There are 2 protein chains.
Amino acid sequence: MDNISHTEENYLKAIFKIAEKEEGRPVNTNAISTEMKTTAASVTDMLNRLSKKELIHYEKYKGVTLTIKGGRTATRLVRKHRLWEVFLVEKLHFSWDEVHDMAEELEHIQSEELVERLYDYLGRPKFDPHGDPIPDAEGNFTFRKQAPLADLHLGEKGIVVGVQDHSAAFLQYLDRLQLSLGAQVTVIERFDYDESMKITLNGDKEHIVSKKVSQNLFVEKQ
Amino acid sequence: MDNISHTEENYLKAIFKIAEKEEGRPVNTNAISTEMKTTAASVTDMLNRLSKKELIHYEKYKGVTLTIKGGRTATRLVRKHRLWEVFLVEKLHFSWDEVHDMAEELEHIQSEELVERLYDYLGRPKFDPHGDPIPDAEGNFTFRKQAPLADLHLGEKGIVVGVQDHSAAFLQYLDRLQLSLGAQVTVIERFDYDESMKITLNGDKEHIVSKKVSQNLFVEKQ
DNA sequence: TACAATTTTTAGATTAATCTAAATAATATT
DNA sequence: AATATTATTTAGATTAATCTAAAAATTGTA
């Protein structure tokens, strides 16, 4: 069969990512050009190519959706990306804010056998170092009933399970606050003025976290 | 600085590989086109590009040599390739005949930090699963006083340390004969007729190995 | 040395991926 | 509904990497 270039793979991943938020609605050209940091003209060009390869359903001016084949390719990339991130953090001891770019390259390594061996080697993880679910070999995601920390009411407890914002700046800031995955947080005060909140960390240290932080941090309510 | 494409990297590696055998003599266009499985015209094209980037010294009709920069790039690729092979064999339990193609892809992963962490993680290996030396971070190779098994005289002993032929077919055949790295061989008979030899394996099993095998297997004399 | 054979380069085309600028379609606004 | 705005596509160029065919240079040989 015709093989898929790195660039085509990246477009599929971008479309998949946008489609996640858009819940099935067709993804439009501009959204893709923003995600891919390229021009709309380049996107149109690529959409024609992807369509010819039956990786997307595409109608002029009407946006795109992934075909089964395109969706499978995208979830495989996500699986590979997240498994490599686990490898980099668990085995090579990189921190969670350093691994994204390396995983962007590693996800394009072809061999399916390699990925599955890596998966076993890593102990069949369900989540990556940022708390994002790792799809299984068939492309199925494990979902969690998570909510932004901002949604917790006074007195409620939660376990930190993920982030909305994946930027290195945010991740490093969380490290400074010791707000890493698995930490237990309890809301002990809420300030309406700037929507910040006071929390305790693992029933111990107290912190004030801004609205921005509490909105970008996912917890599982206890 | 201008960055180097995967293709350019592959050309540099090919030139490096040919230059190893040619011992410093300029590498000619045809040799590269054979190694790269491409046309001489494409090679000439690429040589102009590599020359412009100061990765090779190139004079029309006179062949090429690597510049310091080009040589460093090539040895880094070799280092990465061989370290990834160690990873695939030692950690993911692939066999030595399966890892080449995967390593061809993995060697292009950029991060130098990743390679050095991998190196530590693997226990700072000096040789890859085929017995080839892994250059250090500065590009220095560890050499061994090795010889083809064919050179051993009657009664001489050697330890299998490497292969000349890296083909999967040869490697699989060696596995069948239990002639893996580290095996001790003793020449107990030599047949002039077809230049085959009878050996004992680890002082035990007897085998007859063909000229072709004994020429493609490196041993360290004891 | 001169001719033949080989090697290498040049010329001109092709494909993937990109760009800018202009044209067209869809959507929003008065 | 007509017009303005925004989104998308088309047209035409560019660059990297490749090819085939032809030309030029080098090497081998009679």
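Every chain is numbered from 1, with letters handed out A, B, ... down the list of sequences. Owing to the predicted nature of the structure, the values given are computational and were not obtained by experimental measurement.
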Under 3.5 Å, side-chain donor or acceptor atoms of residues 15-30 of chain B against the rest of the protein: list the pairs with distances, not counting sequence neighbours.
unit_1, atom_1, unit_2, atom_2, d
Lys17(B), NZ, Glu35(B), OE2, 3.2
Arg25(B), NH2, Glu22(B), O, 3.4
Asn28(B), OD1, Ala31(B), N, 3.3

### Query
Side-chain N or O of Thr38(B) less than 4.0 angstrom from OP1 or OP2 on dC19(D)?
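Answer yes for this pair, as a side-chain N or O of Thr38(B) is under 4.0 Å from OP1 or OP2.
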### Query
Would you say a side-chain N or O of Ser42(B) is under 4.0 Å from OP1 or OP2 of dA17(D)?
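Looking at the OP1 and OP2 atoms of dA17(D), neither is under 4.0 Å from any side-chain N or O of Ser42(B).
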### Query
Does the side chain of Trp84(A) reach to within under 4.5 Å of the side chain of Glu105(A), using non-hydrogen atoms?
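Trp84(A) does not reach Glu105(A) side chain to side chain.
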### Sub-4.5 Å side-chain heavy-atom contact between Lys221(B) and Leu152(B)
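Counting from C-beta outward, Lys221(B) and Leu152(B) do come under 4.5 Å.
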### Message
Without decimals, in angstroms, what is the distance between Met46(A) CE and dT9(D) C1'?
### Response
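Rounded to the whole Å, the gap is 16 Å.
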#### Entry: Contact state string [nucleotides 5-16 of chain C, B base, S sugar-phosphate only, - no protein heavy atom under 4.0 Å]
--SBBB-----S
### Task
Look at atom CD of Glu116(A) and say whether more than 12 heavy atoms of other residues, nucleotides or ligands are closer to it than 6.0 Å.
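Counting other residues, nucleotides and ligands, CD of Glu116(A) exceeds 12 neighbours.
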### Query
At their closest point, which heavy atom of Leu83(B) faces which heavy atom of Leu122(B), and how far apart are they?
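Reported closest heavy-atom pair: O-CD1, 3.3 Å.
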